[in-house]
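To start, the structure under review is shown below, and the notes come after it.
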Amino acid sequence: MIHEDEESRLARPVRTATTRSVLMCRPEHFTVVYRINPWMDPQLPTDTSLAVRQWEELYRTYLGLGFEVQLIDPIEGLPDMVYAANGGFVIDNIAYGASFTYPERQPEGPAYMGWFGDHGFDVAVPESVNEGEGDFLLVGETILAGTGFRSTSTSHGELGRLYGREVISLNLVDPSFYHLDTALAVLDSTPGQEHIAYLPGAFDAAGLVILRERYPDAIIVNDEDAAVLGLNSFSDGLNVVIASRAADFGRQLREHGYNPIGVDLSELLLGGGGVKCCTLELRR
Ligand code: ARG
């Protein structure tokens, strides 16, 4: 006879970690002085040194997982530059540059493109407004692309032509989940065993049809965990770095054979970002 926990252990899929290479930006100039998403309130105080300490915990966590972590110099006057995910989208050594929606962040586009060019990537200067990996996520050989608040649907077409991959457009409908990476997490990107997690309320009916059909075994995250940007997480296929407050998401991840690692980025949440926002994957 098999014991119950033995049974659940046997049912649990085996997950494997693939070492990642990422780009990050230390939040030395982080603050909230403008409001371009509902999380931001310039009236609320921010603590830059606490933001740096919390960010360093994320940085050390990645190093501990064996990741190669590169750093771009923060620029004074660009408080949102810490959210490196928005700096571009990188596959096959090609960096598709970002072109930001709001003037406050526009100078970040050239800053990140400069870094990519200096570090051996082929830079594709964007024609369309897009916020990089904030809205574009590679799942297997498919690029899931968000639109509705930031990246335009014309950027989705540009992406498809650039990388020769299938691009699936998803409409975001909840202003609190304005980037795709706040509403959907890629847990396993290995072709043939793609696995994601998402918040259904962030998508329109057409998007939900696509997500349910393509990813029938996806983890559905509850509103409470989404409200601490729990989905804004980064997975290496086994280890999933998440907001420490996203308790139920952590439980679900363990059930699915992952190793959730919680970090507290409460200060950066004041700017409307979390773990994934601070992380840009570099795929060579
Ligand atoms: N304050 C930033 C903005 O609104 C936060 C960006 C979060 N980044 C992300 N990848 N979701 O643009």
Side-chain angles (χ1 to χ4, degrees), residues 22-44 46 48 51 54-55 58 72 74-75 77-90 95-109 111-112 129-138 143-152 155 170 172-186 197-199 202-203 221 225-235 241-243 246 263 265-282:
V22 300
L23 176 63
M24 298 179 75
C25 180
R26 193 184 301 274
E28 274 163 37
H29 306 293
F30 173 74
T31 177
V32 176
V33 286
Y34 50 80
R35 182 180 169 94
I36 56 172
N37 71 55
W39 303 81
M40 301 174 86
D41 181 354
Q43 311 283 19
L44 291 179
T46 50
T48 306
Q54 292 181 335
W55 176 94
L58 178 65
I72 180 172
I75 297 172
L78 297 177
D80 276 338
M81 200 172 163
V82 57
Y83 305 111
N86 301 123
F89 185 59
V90 187
Y96 177 53
S99 170
F100 284 84
T101 311
Y102 294 104
E104 290 89 339
R105 295 197 69 183
Q106 273 160 10
E108 293 183 46
Y112 276 92
V129 167
N130 83 88
E131 298 195 353
E133 210 169 56
D135 274 323
F136 308 141
L137 297 170
L138 181 68
I143 299 168
L144 299 183
T147 187
F149 298 101
R150 302 290 180 92
S151 303
T152 57
S155 71
L170 297 167
L172 297 166
V173 296
D174 183 335
S176 293
F177 305 103
Y178 55 95
H179 277 140
L180 184 62
D181 73 355
T182 63
L184 188 150
V186 182
Y198 64 94
L199 174 72
F203 298 92
V221 167
D225 287 352
V228 291
L229 287 184
L231 277 162
N232 197 249
S233 56
F234 192 74
S235 171
V241 185
I242 65 168
V263 296
L265 294 182
S266 61
E267 251 338 271
L268 294 171
L269 196 58
L270 297 172
V275 171
K276 177 65 192 69
C277 299
C278 297
T279 314
L280 175 67
E281 188 164 354
L282 301 171

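Treat the numbers as computed from the prediction; the structure is a model and nothing was measured. Order of appearance sets the numbers: ligands from 1, and atoms from 1 within every ligand. Values below: all heavy atoms of this structure, side chains included; hydrogens, waters and symmetry mates excluded.
- Considering Asp135, Asn86, Thr101 in turn, Asp135 is the only one that fulfils the side-chain hydrogen bond (donor to acceptor under 3.5 Å, both in side chains) rule with Ser151.
- Listed by atom number, the atoms of ligand 1 under 4.0 Å from Thr182 heavy atoms are 11 (N).
- Residue contacts with ligand 1 for Trp39 are absent, since no atom lies close enough (heavy atoms, distance under 4.0 Å).
- Under a 4.0 angstrom heavy-atom cut-off, Phe100 registers as lying outside contact with ligand 1.
- Ligand 1 places these atoms under 4.0 Å from at least one heavy atom of Cys277: 7 (C), 8 (N), 9 (C), 10 (N), 11 (N).
- Within the listing of ligand 1, atoms 7 (C) sit less than 4.0 angstrom from a heavy atom of Gly272.
- In this structure the side chain of Val275 reaches within 4.5 angstrom of the side chain of Leu265, judged on heavy atoms.
- Atom numbering of ligand 1 starts at 1 in the shown order; those under 4.0 Å from a heavy atom of Met40 are 1 (N).
- Separating the CG atom in Leu269 from the CH2 atom in Trp39 is a distance of 5.0 Å, to the nearest 0.5 Å.
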For residues 28-35, tabulate all N or O donor-acceptor pairs below 3.5 Å that involve a side-chain atom, not counting sequence neighbours.
{"from": "Thr31", "atom 1": "OG1", "to": "Thr46", "atom 2": "OG1", "distance (Å)": "3.4"}
{"from": "Tyr34", "atom 1": "OH", "to": "Asp80", "atom 2": "OD2", "distance (Å)": "2.8"}
{"from": "Arg35", "atom 1": "NH1", "to": "Met40", "atom 2": "O", "distance (Å)": "2.4"}

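- Near Asn86, meaning under 4.0 Å from one of its heavy atoms, ligand 1 places the atoms 6 (C), 7 (C), 8 (N), 9 (C), 10 (N).
- In this structure, the side chain of Gln54 engages the main chain of Ser266 through a donor-acceptor pair within 3.5 Å.
- Here Leu231 contributes atom CG and Asp225 contributes atom CG; the two are 8.0 Å apart, rounded to the nearest 0.5 Å.
- Among all non-hydrogen protein atoms, the one lying nearest atom 4 (O) of ligand 1 is Asn37 ND2, 2.7 Å.
- Partner of Phe89 under the ring pair (Phe, Tyr, Trp, His ring centres under 6.0 Å) criterion, chosen from Tyr96, Phe136, Tyr112: Phe136.
- In terms of protein heavy atoms, atom 10 (N) of ligand 1 is closest to Asp181 OD2, 2.8 Å.
- Residues Asn130 and Ser155 have side chains that never bring a donor and an acceptor to within less than 3.5 angstrom of each other.
- Near Gly271, the atoms of ligand 1 lying under 4.0 angstrom from a non-hydrogen atom of the residue are 1 (N), 2 (C), 5 (C).
- Atoms of ligand 1 lying under 4.0 Å from any heavy atom of Gly134, numbered from 1 in the order shown and given with element: 10 (N).
- Across every non-hydrogen atom of Gly273 and Tyr83, the tightest pair is CA-CE2, 3.5 Å.
- For Asn232, no nitrogen or oxygen atom sits less than 3.5 Å from a nitrogen or oxygen atom of ligand 1, counting backbone and side chain alike.
- Nearest heavy atom pair, residue Lys276 against residue Glu133, reads NZ-OE1, 2.8 Å.
- Taking every heavy atom of Asp80 and a limit of under 4.0 angstrom, the matching atoms of ligand 1 come to 1 (N), 2 (C), 3 (C).
- Below 3.5 Å of separation, one finds an N or O of His179 facing an N or O of ligand 1.
- The closest approach between a heavy atom of Arg150 and any atom of ligand 1 is below 4.0 Å.
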